[in-house]
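The structure appears right after this line, and notes come after that.
Source: prediction; values computed, not measured.
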Amino acid sequence: MDIFLTNNLTNKKEQFVPKNKDHIGMYVCGPTVYDDPHIGNARPLIIFDILFRLLKKNYKKVTYVRNITDIDDKIIQSSKDQKISTKDLTEKITKNFFEDCKFLNCENPSFQPKATEHIALMIEMINELIKKGFAYENKSHVYFEVKKFSDYGKLSNKKLEDLIAGSRVEISENKKNSEDFVLWKPSSDDEPSWDSPWGKGRPGWHLECSAMSKKFLGKEFDIHGGGIDLIFPHHENEIAQSRCANETQTFAKYWVHNAFITMSNEKMAKSQGNILKIKDFRNKMSGQIVRLALMSAHYKQPLDWNDKLINDCQNTLDKWYRIYSSEIKNVQIPDEVLKPLYEDLNTPGYITNLHQLYEKASKGEDKDLFISACQFVGLFNEDNHQWEGYKKIKVSISETEIRKMIDLRNKAREKKDYKEADKIRDDLQDKGVLIEDKDGKTHWKFK
């Protein structure tokens, strides 16, 4: 059965035709490990995990690469704020990220390379770009000269001037042109640095993915994925520097991006105080609930995260677990059941099929098929005892204390001390209390 994907490079849904049917290559942008991943970061984890599973079902070999960005300006700033080394910070956040992936029952990618382990490859790519006339050095900085790449803006489907006008382009007197982006920058004495032909410094964020994808997948590969916010400038810049350095007509053939998550129809943002971290859900509910919730909308559509969504998914899984048994035999899942996934990863359509299979299974028909179909998308990874355990959360806080903590959080937000506000919210969640900011007020309830 053919797989169809929406390709943002062409702006249409296309049949997936691999470069080499014997070996599929997929690269997905992973986390920048300066802070613990939030629920918005979980969406691409689930979407591309499902795509990985579908590809493996259809092809002999699939190489899935998801990087770890462990050197970046945000990391340096966060380490300074927390008064710990960048090494200690990135190791802690990376460890938490891997625990999040396990909680969500994501399969391990084939490779999870760290940027700091591939600096030599990045320097080599910069040298190639300078040598070929696409990059220039100025005062220990190296920049990619965007005007030299005629296809710039093709992924975003916009003209260069429109892209620049609608984005935050770094301003620097070291650039020839405002749109040029950094490949290498100098580091101060208290910042991580590596030796290079341009002095001690560190790579630009965009370059990291180009160097690592080339190492593990080659100069050209099948699928590049990530959140929709990465289309510009990150993915646009990846294409430019990779194609120019490697002298190719393509970089990735298919570009797949998931849409944003909102919180009760409001954009997730620190200023809104509505960022929910994946770790907030650990030991409070099964990762399957989070996973099913993230599958409930098509990946191309925004997903609104709210209490009703979580409750509905918990109730659905609670119902499904009534007929779950670990004593099953894995069965071949018919194409008719899998069809929605082949049609551009239509997870809501697949969930509809699971509901229909459940109705049959509850009457004693095709129980093995129902369980196998759930497990194919990462559900039913816990036994009945584990599932029941998540429903026994104890509340250890009084309403008076809750209101006091909410008042302290509101005062912290007024002072724009979002770090303290987030900490209070996390403390409340650890005590089994969910809060929601809506219409200028903070509402709360026990989980």
Ring centroid separation [X] to [Y] under 6.0 Å:
| X | Y | result |
| --- | --- | --- |
| Y254 | H224 | no |
| W320 | H355 | yes |
| W255 | F221 | no |
| Y324 | F370 | no |

May I ask you to decide if [Y]'s main-chain N or O and [X]'s side chain share a donor-acceptor pair within less than 3.5 Å?
| X | Y | result |
| --- | --- | --- |
| K279 | D100 | no |
| E236 | S156 | yes |
| S372 | L369 | no |
| K277 | D36 | no |

More than 12 foreign heavy atoms under 6.0 Å from [atom1] of [X]: is that the case here?
| X | atom1 | value |
| --- | --- | --- |
| K411 | NZ | no |
| K300 | NZ | yes |
| K80 | NZ | yes |
| K57 | NZ | yes |
| K319 | NZ | yes |

Over all atoms of both residues, closest heavy-atom pair of [X] and [Y]:
| X | Y | result |
| --- | --- | --- |
| R291 | I50 | NH2-CG1, 3.9 Å |
| I68 | Q112 | CG1-O, 4.3 Å |
| L89 | Y34 | CD1-O, 4.0 Å |
| A42 | I278 | CB-CD1, 3.7 Å |
| E336 | N353 | O-ND2, 3.7 Å |
| R43 | A297 | NH2-O, 3.7 Å |

Exercise. Using ring-ring contact (aromatic ring centres under 6.0 Å, His included) as the criterion, point out the one residue from F103, W305, Y390 that pairs with F281.
Key: W305
Quiz prompt | CA sep, side-chain torsions, deciding dist, call: H206, H235, ring pair (Phe, Tyr, Trp, His ring centres under 6.0 Å) | solution = CA-CA 8 Å; H206 313 299; H235 289 166; 9.6 Å; no
Quiz prompt | Identified salt bridge (charged side-chain N to carboxylate O under 4.0 Å, His left out) counterpart of R202 within the set D70, D72, D73 | solution = D73
Self-check item: Ring geometry between F216 and H118 (parallel below 30°, tilted from 30 to 60°, perpendicular above 60°)
Solution: perpendicular
Exercise. Report the C-alpha distance between V377 and M295 in whole Å, list the side-chain angles of each, state the deciding distance to 0.1 Å, and finish with yes or no for side chain to side chain contact (heavy atoms under 4.5 Å, CB included).
Key: CA-CA 9 Å; V377 288; M295 290 167 52; 3.8 Å; yes
Quiz item: Quick one: which of I223, L55, L54, L51 gives a side-chain contact (heavy atoms from CB on, under 4.5 Å) with V62?
Solution: L55
Practice problem: Show your working on side chain to side chain contact (heavy atoms under 4.5 Å, CB included) between L354 and Y350 and close with a plain yes or no. | Solution: CA-CA 6 Å; L354 292 180; Y350 189 74; 3.9 Å; yes
Hey, are [X] and [Y] close enough for a salt bridge, meaning a charged N less than 4.0 Å from a carboxylate O?
| X | Y | result |
| --- | --- | --- |
| K339 | E343 | no |
| K92 | D88 | no |
| D280 | R425 | yes |
| E107 | K56 | yes |
| K87 | E91 | yes |

Quiz item: Who passes side-chain contact (heavy atoms from CB on, under 4.5 Å) against D304, sequence neighbours left out?
Solution: T262, N265, N306
